[in-house]
Amino acid sequence: MKKIGLKIYLNDKLISISGIDTAGTVSQILTLRNDSEGNEQTTKLHSGGYLKEKNEHYKWVDQELTENDRVTIEVVEDVTFDDPLEIKPHDNPELNAFVLKSKLKSYYRLKEELKDHLKD
């Protein structure tokens, strides 16, 4: 099996080589969040993954970005991957609380949005 990974550069500087040697998933997420009034913005780069055989979540990068930052991702093969900065078990109370909070937030938003379509 090929060892495929991702080299992540921020402003031409290599910040991580993310990858998993066995069955799993690696993802790169760029997030731009605006507050409800449009006053505050947050931009982040996240490199994470999930290792199926150990049922663990990995984090390689969790980086705030600023205006004019340039992110480059290169697909690479047969390289040595960086150790994750953080490894959390899938059944993690902190993660479970976060997921529940997110689901409830979505539920109440959708309940309000769809109230005219719901029957009592």
Side-chain angles (χ1 to χ4, degrees):
M1 179 166 103
K2 289 184 194 177
K3 284 179 33 177
I4 296 175
L6 301 170
K7 282 188 177 180
I8 303 153
Y9 297 86
L10 179 58
N11 300 320
D12 299 322
K13 178 183 174 194
L14 179 64
I15 59 172
S16 178
I17 303 174
S18 305
I20 295 175
D21 290 329
T22 61
T25 303
V26 176
S27 62
Q28 312 310 300
I29 301 170
L30 285 170
T31 303
L32 172 61
R33 184 189 65 77
N34 295 314
D35 70 6
S36 57
E37 287 80 39
N39 297 322
E40 181 184 331
Q41 291 186 338
T42 305
T43 308
K44 289 185 101 170
L45 168 64
H46 176 82
S47 176
Y50 175 72
L51 182 58
K52 184 177 180 180
E53 86 182 23
K54 293 186 177 181
N55 204 23
E56 294 175 332
H57 294 272
Y58 287 11
K59 177 171 46 173
W60 287 276
V61 175
D62 196 17
Q63 173 77 43
E64 292 277 338
L65 300 174
T66 59
E67 187 174 353
N68 297 317
D69 277 345
R70 186 176 59 243
V71 176
T72 307
I73 299 172
E74 177 186 356
V75 178
V76 292
E77 192 175 313
D78 293 327
V79 296
T80 301
F81 305 129
D82 292 342
D83 291 332
L85 300 174
E86 190 175 299
I87 300 173
K88 289 187 174 182
H90 182 68
D91 191 23
N92 175 300
E94 181 183 305
L95 180 62
N96 293 343
F98 173 77
V99 169
L100 178 60
K101 182 179 176 182
S102 297
K103 286 179 180 180
L104 286 169
K105 185 177 179 180
S106 294
Y107 168 78
Y108 288 118
R109 182 184 51 77
L110 286 169
K111 185 178 178 184
E112 178 62 26
E113 181 180 324
L114 299 171
K115 67 183 174 190
D116 296 335
H117 303 284
L118 299 173
K119 295 181 181 181
D120 291 335

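These numbers come from a predicted model, not from an experiment.
- One finds the NZ atom of Lys3 at 5.0 Å from the OG1 atom of Thr80 (value rounded to the nearest 0.5 Å).
- To the nearest 0.5 angstrom, Gln63 atom CD is 9.5 Å from Lys44 atom NZ.
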Could you pull out every donor-acceptor pair under 3.5 Å between side chains of residues 97-106 and any protein atom, sequence neighbours left out?
unit_1 : atom_1 : unit_2 : atom_2 : d
Ser102 : OG     : Phe98  : O      : 3.0
Ser106 : OG     : Ser102 : O      : 3.2

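- Atom CG of Leu118 sits about 10.5 Å away from atom CD of Glu113, to the nearest 0.5 Å.
- At least one side-chain heavy atom of Ile15 sits under 4.5 Å from a side-chain heavy atom of Val61.
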TODO: Let me see the working for Leu65 and Leu10 under side chain to side chain contact (heavy atoms under 4.5 Å, CB included), right down to the final yes or no.
DONE: CA-CA 9 Å; Leu65 300 174; Leu10 179 58; 3.7 Å; yes

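- Remark: the backbone N or O of Arg70 is paired with a side-chain donor or acceptor of Asn11 at under 3.5 angstrom.
- Linking ILVMFWY side-chain heavy atoms closer than 4.5 Å, directly or via other members, places Ile4 and Leu6 in a single hydrophobic cluster.
- Listed for the Lys59 side chain is no donor-acceptor partner under 3.5 Å among the backbone atoms of Pro84.
- Summarising the geometry, atom CG belonging to Leu51 is positioned 10.5 Å from atom NE2 belonging to His57; distances are rounded to the nearest 0.5 Å.
- Taking CG of Asp62 as the reference point, atom OG of Ser16 lies at 12.0 Å (rounded to 0.5 Å).
- Put simply, the side chain of Gln28 reaches to within 4.5 Å of the side chain of Ser47, judged on heavy atoms.
- Taking hydrophobic clusters as Ile, Leu, Val, Met, Phe, Trp and Tyr residues chained together by side-chain heavy-atom distances below 4.5 Å, Val76 does not share a cluster with Val71.
- The number of heavy atoms from other shown groups lying within 6.0 Å of CG (Asn55) is above 12.
- One hydrophobic cluster, built from ILVMFWY side chains closer than 4.5 Å, cannot hold both Tyr50 and Ile8; they sit in different ones.
- The hydrophobic cluster containing Leu14 does not contain Trp60, counting ILVMFWY residues as joined when their side-chain heavy atoms lie under 4.5 angstrom apart, directly or transitively.
- Phe81 and Val75 fall into different hydrophobic clusters, where Ile, Leu, Val, Met, Phe, Trp and Tyr side chains are chained together by heavy-atom contacts under 4.5 Å.
- At least one donor-acceptor pair under 3.5 Å links the side chain of Asp82 to the backbone N or O of Ile17.
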